[in-house]
S.K.: 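What follows is a single structure, and I will ask about it in a moment.
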Protein chains: 2
Amino acid sequence: MSCSSEYVPQLRALGYRMTPQRMAILHVLRHEGTHLSPAEVYKKALLELPGLTEPTVYRTLEFLADLGLARPAYATNGRLTYEIAGNDHHHLVCKHCGDEIEVEHTLLESLYRLLETTSGYRSIGSHVTFFGICPKCQKN
Amino acid sequence: MSCSSEYVPQLRALGYRMTPQRMAILHVLRHEGTHLSPAEVYKKALLELPGLTEPTVYRTLEFLADLGLARPAYATNGRLTYEIAGNDHHHLVCKHCGDEIEVEHTLLESLYRLLETTSGYRSIGSHVTFFGICPKCQKN
DNA sequence: GTAGTTATTGTAAAAACTTGCAATAAGGAA
DNA sequence: TTCCTTATTGCAAGTTTTTACAATAACTAC
Ligand SMILES: [Mn+2]
Ligand SMILES: [Mn+2]
Ligand SMILES: [Zn+2]
Ligand SMILES: [Zn+2]
């Protein structure tokens with residue numbers, strides 16, 4: 001499915017507009033499929049859309065995250081990155097070497113239910129990053 | 001217990017030094033007891049130690065976090081904050097109004113054990129912030 | 001106490017990120 | 001198509017955070 005046909009109606013329904021800038025940034029996120037820093041998104045999207053500026057990239061990524069179309073995640077260096085929203089998952093990162101593995105969302109589902117019942121909060125769901133020591137680093 | 005008598009041996013054992021800057025920053029974190037931004041830490045610690053600079057505050061907070069003496073946490077605005085390490089807990093923040101409640105660490109303990117057995121990672125333990133919609137905002 | 005080693009700091013500059021506001025252009029109406 | 005409304009962008013400047021490196025001072029050994 002093309003980006004346009006998929007996202008335009010979603011934006012319209014909320015009173016927002018589709019623009020070449022949003023299109024290009026969504027395109028980059030979808031094509032790369034991984035966590036990208038704003039600078040990386042900017043560099044790649046600039047090729048698709050000359051004239052694009054960095055403030056627009058920052059604003060757009062935050063906008064897409066608010067709408068649930070992109071997911072923010074903090075990299076090991078503490079800087080914010082984004083990836084296209086899709087299959088729910090989480091991350092487990094090694095404090096020592098930075099090695100990173102994905103965590104199935106199903107592992108967190110019962111915790112989320114528990115949180116909802118004990119707190120009264122709803123729609124709990126984050127793209128969480130946990131930290132630990134990987135098997136390799138445990139030996140050293 | 002005084003900050004000095006508690007922390008000096010911990011630093012020494014790892015080959016690090018206690019300095020007036022680290023002392024002042026630890027003092028601020030302990031005295032406030034809440035999440036503080038680097039700017040807030042700087043402003044308060046500067047009163048205790050004139051001449052202290054911002055880069056030192058940033059470096060020291062990261063240093064204390066690496067040693068496990070301070071805990072980093074991302075505020076709702078995405079900016080990094082720190083608090084003194086102590087009773088383990090997590091946070092649940094409302095996406096709408098920013099309201100925040102603490103989550104007992106015990107709620108996450110079984111998840112952490114599950115993560116460790118399925119991944120092979122060890123010493124998993126983060127100061128996690130979950131997002132959801134608070135009871136008040138659910139009505140609106 | 002003095003001297004030596006080097007972890008830590010301050011300085012200055014760079015890089016990353018945010019903000020205010022005027023100019024632009026997307027989408028709706030005629 | 002053309003006009004209108006206003007969401008969105010680019011620009012310029014501000015703020016926050018990081019970095020390189022020389023100066024400092026904490027600790028050790030004597
Ligand atoms: Mn991810
Ligand atoms: Mn906390
Ligand atoms: Zn590792
Ligand atoms: Zn709320």
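Letters A, B, ... mirror the listed sequences (proteins, then strands); counts begin at 1.
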S.K.: Using a cut-off of 6.0 Å, state whether more than 12 heavy atoms not belonging to B:Lys44 lie near its atom NZ.
M.R.: no
S.K.: At under 4.0 Å between heavy atoms, which parts of nucleotides 1-6 of chain C does protein reach? Answer with one letter per nucleotide, 5' to 3': B base, S sugar-phosphate only, - none.
M.R.: -----B
S.K.: Taking only side-chain nitrogens and oxygens of B:Gln21, does any of them come within less than 4.0 Å of OP1 or OP2 of C:dG10?
M.R.: yes
S.K.: Using OP1 and OP2 only, check whether a side-chain N or O of B:Thr56 sits under 4.0 Å from C:dG10.
M.R.: yes
S.K.: Checking A:Gln138 side chain against B:Gly120 main chain: does a donor-acceptor pair fall under 3.5 Å?
M.R.: yes
S.K.: Does B:Thr19 put a side-chain nitrogen or oxygen below 4.0 Å from OP1 or OP2 of C:dT9?
M.R.: yes
S.K.: Counting side-chain heavy atoms from C-beta on, which of C:dG10, D:dC11, C:dT8 comes nearest to A:Thr53?
M.R.: D:dC11
S.K.: Of B:Gly15 and B:Leu52, whose nearest nucleotide on DNA chain C comes first from the 5' end?
M.R.: B:Gly15
S.K.: So if I define the base as every atom that isn't primed, P, OP1 or OP2, how would nucleotides 16-23 of chain C read as a B/S/- string at a heavy-atom cutoff under 4.0 Å?
M.R.: SSBBB---
S.K.: Return yes if some donor-acceptor pair links the side-chain N/O of B:His90 with the main-chain N/O of B:Val128 below 3.5 Å, else return no.
M.R.: yes
S.K.: For DNA chain D, whose closest nucleotide is more 5', that of A:Thr60 or that of B:Pro20?
M.R.: A:Thr60
S.K.: Does CD belonging to A:Glu104 count more than 12 external heavy atoms closer than 6.0 Å?
M.R.: no
S.K.: Do A:Arg71 and A:Tyr82 form a cation-pi contact, if we require the NZ or CZ to be under 6.0 Å from the six-membered ring centre and within 45 degrees of the ring's axis?
M.R.: no
S.K.: What distance separates B:Thr129 OG1 from A:Tyr74 OH, expressed to the nearest 0.5 Å?
M.R.: 9.0 Å
S.K.: Main chain of A:Ser126, side chain of A:Tyr112: is a donor-acceptor contact present, judged purely on distance under 3.5 Å?
M.R.: yes
S.K.: Answer yes when B:Glu6 and B:Arg30 have at least one side-chain N-carboxylate O distance shorter than 4.0 Å, and no when they do not.
M.R.: yes
